[in-house]
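Residue numbering restarts at 1 for every chain, and letters A, B, ... go by the order of the sequence lines.
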Amino acid sequence: MSTKNFPPLNEQMDAIRRGTIDLINEEELAKKISKGRPLVAKLGADPSSPDLHLGHAVVLGKLRTFQDLGHEAHLIVGDFTAMIGDPSGRSKTRPMLTVEETRQNGKTYIEQVSKVLSNDRLVVHYNNDWLGRLTFPDVIKLAGSYTVSQMLEREDFHKRFNEEQPISLHEFLYPLAQAMDSVEIRSDIELGGTDQKFNLLVGRELQRHFDQEPQCILTMPLLEGTDGVRKMSKSYGNSINFNDSADEMFGKTMSIPDSAIYKYFLLATKVKDIAEIKSVLESGEENPRNIKVRLAQEIIRQFYDPSAADNALQRFEQMFVKKETPDDIEVLLLPIGSECVVVDLMVETKMAATKSEARRLIQGGGVSLNGEKVSNERATLIPTSAGVVLKVGKRRYLKVKSA
RNA sequence: GGGCAGGUACUCAAGCGGUCAACGAGGGCAGACUGUAAAUCUGCUGACGAAGUCUACAAAGGUUCGAAUCCUUUCCUGCCCA
């Protein structure tokens, strides 16, 4: 077992180092690798938001690298810690979840993770298994291993403290709980986003505290969301999700600002010629749109088969460049001779949340019937056998046919 | 336990007795433009309606012709003192 063949040390180090922000520290890691046994590479999964997105793919991809090098990927589903809610980078206390909710989320999490990780050398843990067993005296002892000012070293806590924002006591426990995970699985290296640096370092401390060899830590840059500014997050509504359709992935990728293109290539794809892409972008000799098209396709290829990427491009061209009506619109059948008010129809079919919103859309010129702008809020629609195409905004279509 | 400062729409943040469905910014949506669902510019952003009406400014009461604005109590947050 331990005689397993690993790639040469420097090759491993290069692969591990690529794209990282912090790697603490390299000598320690080299030493661990040199022992010739598979490393325990740890990644914590936060099941409080069950939908994975491209931001997660950055660090998951790195974990995959460890698998490919012959090491073990240990995924810790934080079903216990999700009850606390990681305060990292937050300016507010997060809502706490119940165990049931987090278990459920954990399941869907694993399904999605398998799109990036290999099933070989993958170990999945649920940290409620050990953290849930701690007694109150255990917790007090644990809390005693760290001080308030150590906690306040962390930037986000520090900031909230200075800005007189609330910090709940349990939030201090989060880094310690995560650190306990490292102790429990005897982690050799823990991966995370840069926002996790503090938590990862606490793991190191705590392992020392328990007389274990401290883990190395590796952080990856955070990927900005499609707005190009805030970090990608479901709750900001700027994420490209694992479960998005190829078309959605395409469209969302096209909506990132041009300035974010390079970073997306670097972190969200595995393309080799990133240096070239960078120089092309900087020279401005190519319309950024075209580079973005390639990016979108590269991203889609990681989740769907290659033809999906081409199809998505085609549909995008049709819909937005040529402004044609797509051919596969949802059809709504209504009885012959029925006449319905457009505003009501929009609400019923969820094309608008409320009647007021529907009216606003009409006033703003965002609604059309068979290509003709609707100008009257009280416009009605009579379904025909050929179908009337109702368009709301740029990409919401509905065909209304008489039954 | 005492003192002080706060709680306003998705977020931040004005308003401090009528002209407030509530300035401004961000976000979101839409329109124009464009070889981009980039950038830029413009409009909209409580609900229902024809005008207009109703529900909203932590919660509950109260003062007033009239309250987000004043008073009382309650809940929540921060700071200082103990």
Side-chain angles (χ1 to χ4, degrees), chain A residues 89-95 152 157-171 224-241 244-265 280-282 284-297 299-300 312-324 326 341-344 346-348 350-368 371-380 390-397:
Chain A
R90 294 277 166 161
S91 52
K92 271 185 192 168
T93 308
R94 286 179 147 199
L152 287 177
F157 281 145
H158 190 71
K159 208 171 154 205
R160 279 161 70 181
F161 186 74
N162 279 339
E163 286 172 3
E164 307 186 352
Q165 295 295 314
I167 304 173
S168 291
L169 214 46
H170 73 270
E171 295 181 75
E224 288 89 15
T226 52
D227 55 17
V229 181
R230 292 183 296 178
K231 80 165 184 175
M232 190 176 283
S233 162
K234 185 98 193 297
S235 47
Y236 292 151
N238 63 2
S239 62
I240 299 175
N241 305 311
D244 282 344
S245 69
D247 284 356
E248 280 174 306
M249 284 187 181
F250 198 99
K252 285 180 177 180
T253 305
M254 291 307 284
S255 82
I256 68 169
D258 294 352
S259 58
I261 296 174
Y262 172 70
K263 198 160 182 191
Y264 267 66
F265 264 109
V280 170
L281 277 168
E282 280 166 0
E285 61 199 26
E286 173 100 45
N287 184 337
R289 189 204 93 106
N290 300 331
I291 305 172
K292 217 156 33 170
V293 165
R294 182 178 162 205
L295 173 66
Q297 293 191 296
I299 289 170
I300 291 168
L313 168 61
Q314 230 168 29
R315 271 193 289 271
F316 183 83
E317 293 279 340
Q318 191 180 42
M319 204 157 160
F320 299 108
V321 180
K322 295 182 195 148
K323 304 213 162 114
E324 287 170 11
V341 181
V342 174
V343 170
D344 293 334
M346 284 166 69
V347 174
E348 274 163 43
K350 304 249 166 63
M351 292 172 106
T354 63
K355 289 191 186 180
S356 295
E357 187 183 311
R359 282 196 201 95
R360 258 180 253 131
L361 284 163
I362 290 173
Q363 277 164 4
V367 179
S368 69
E372 269 182 56
K373 236 170 225 179
V374 176
S375 50
N376 186 346
E377 291 176 25
R378 275 176 290 171
T380 57
L390 171 66
K391 184 186 178 196
V392 177
K394 283 190 180 106
R395 57 205 141 118
R396 276 167 285 168
Y397 289 93

Among [options], the nucleotide that comes nearest once only the side chain of [X] is considered:
X	options	result
A:Glu164	B:C79, B:A30, B:G27	B:C79
A:Arg396	B:C29, B:G31, B:C48	B:C29
A:Thr354	B:G31, B:C29, B:C48	B:C48
A:Asn290	B:G27, B:G35, B:G31	B:G35

Checklist outcome for this item: Residue pair A:Asn287/A:Gly365 against RNA chain B: nearer the 5' end by closest nucleotide is A:Gly365

Next on the checklist: When you measure from the side chain of A:Lys234 to the backbone of A:Asn241, do you find a donor-acceptor pair of N or O atoms at a distance under 3.5 Å?
Outcome noted: no

Item to check | Exam field: side chain A:Asn238 to backbone A:Ser233, donor-acceptor pair closer than 3.5 Å | outcome: yes

Checklist entry - Heavy atoms under 4.0 Å, any strand shown: does A:Lys391 hit a base, just sugar-phosphate, or nothing? => result nothing

Next on the checklist: Over all strands shown, is A:Ser356 touching base, sugar-phosphate only, or nothing at heavy-atom distances under 4.0 angstrom?
Outcome noted: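 Contact class for A:Ser356: base.
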
In whole Å, what separates the [atom1] atom of [N] from that of [M]?
N	M	atom1	result
B:C48	B:A21	C1'	14 Å
B:G26	B:U77	C1'	24 Å
B:C23	B:U45	C1'	15 Å
B:G17	B:G28	P	36 Å
B:G46	B:U55	C1'	8 Å
B:C20	B:C75	P	35 Å
B:A68	B:A58	C1'	12 Å
B:A22	B:U73	P	33 Å

Item to check | A:Ser245: partners by side chain to side chain contact (heavy atoms under 4.5 Å, CB included), with sequence neighbours left out | outcome: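 Testing A:Ser245 for side chain to side chain contact (heavy atoms under 4.5 Å, CB included), a comparison that skips the adjacent residues, returns A:Asp247, A:Glu248.
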
Across all strands, who's sitting opposite [N] as a Watson-Crick or G-U wobble pair, both distances under 3.5 Å?
N	answer
B:A39	none
B:A47	B:U53
B:C70	B:G62
B:C10	B:G26
B:G78	B:C4

Could you tell me which residues satisfy side-chain hydrogen bond (donor to acceptor under 3.5 Å, both in side chains) with [X], sequence neighbours excluded, listed by chain and number?
X	value
A:Glu348	none
A:Glu286	A:Asn290
A:Asn162	A:His158
A:Arg378	none

Round to a whole Å and report the spacing from [atom1] of [X] to [atom2] of [N].
X	N	atom1	atom2	value
A:Arg230	B:C12	CZ	C1'	12 Å
A:Glu171	B:U77	CD	C1'	13 Å
A:Glu286	B:U36	CD	C1'	13 Å
A:Met346	B:C48	CE	P	12 Å
A:Glu357	B:G46	CD	P	11 Å
A:Met351	B:C29	CE	P	15 Å
A:Leu361	B:A47	CG	C1'	15 Å
A:Gln165	B:G6	CD	P	15 Å

Checklist entry - For B:U34, does OP1 or OP2 lie under 4.0 Å from any side-chain N or O of A:Arg289? => result no

Item to check | Short side-chain N/O contact to B:G46 OP1/OP2 from A:Lys355, under 4.0 Å | outcome: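 Answer is no, no contact under 4.0 Å.
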
Checklist outcome for this item: B/S/- along nucleotides 37-45 of chain B (protein heavy atoms under 4.0 Å) is BB-----SS

Checklist entry - Mind checking whether A:Phe157 and A:Glu171 have side chains closer than 4.5 Å, heavy atoms only? => result yes

Next on the checklist: Assess the residue pair A:Lys391 and A:Glu324 against the criterion (salt bridge (Lys or Arg N to Asp or Glu O under 4.0 Å)); give the C-alpha distance rounded to whole Å, side-chain angles, the decisive distance to 0.1 Å, and a yes or no.
Outcome noted: CA-CA 12 Å; A:Lys391 184 186 178 196; A:Glu324 287 170 11; over 6 Å; no

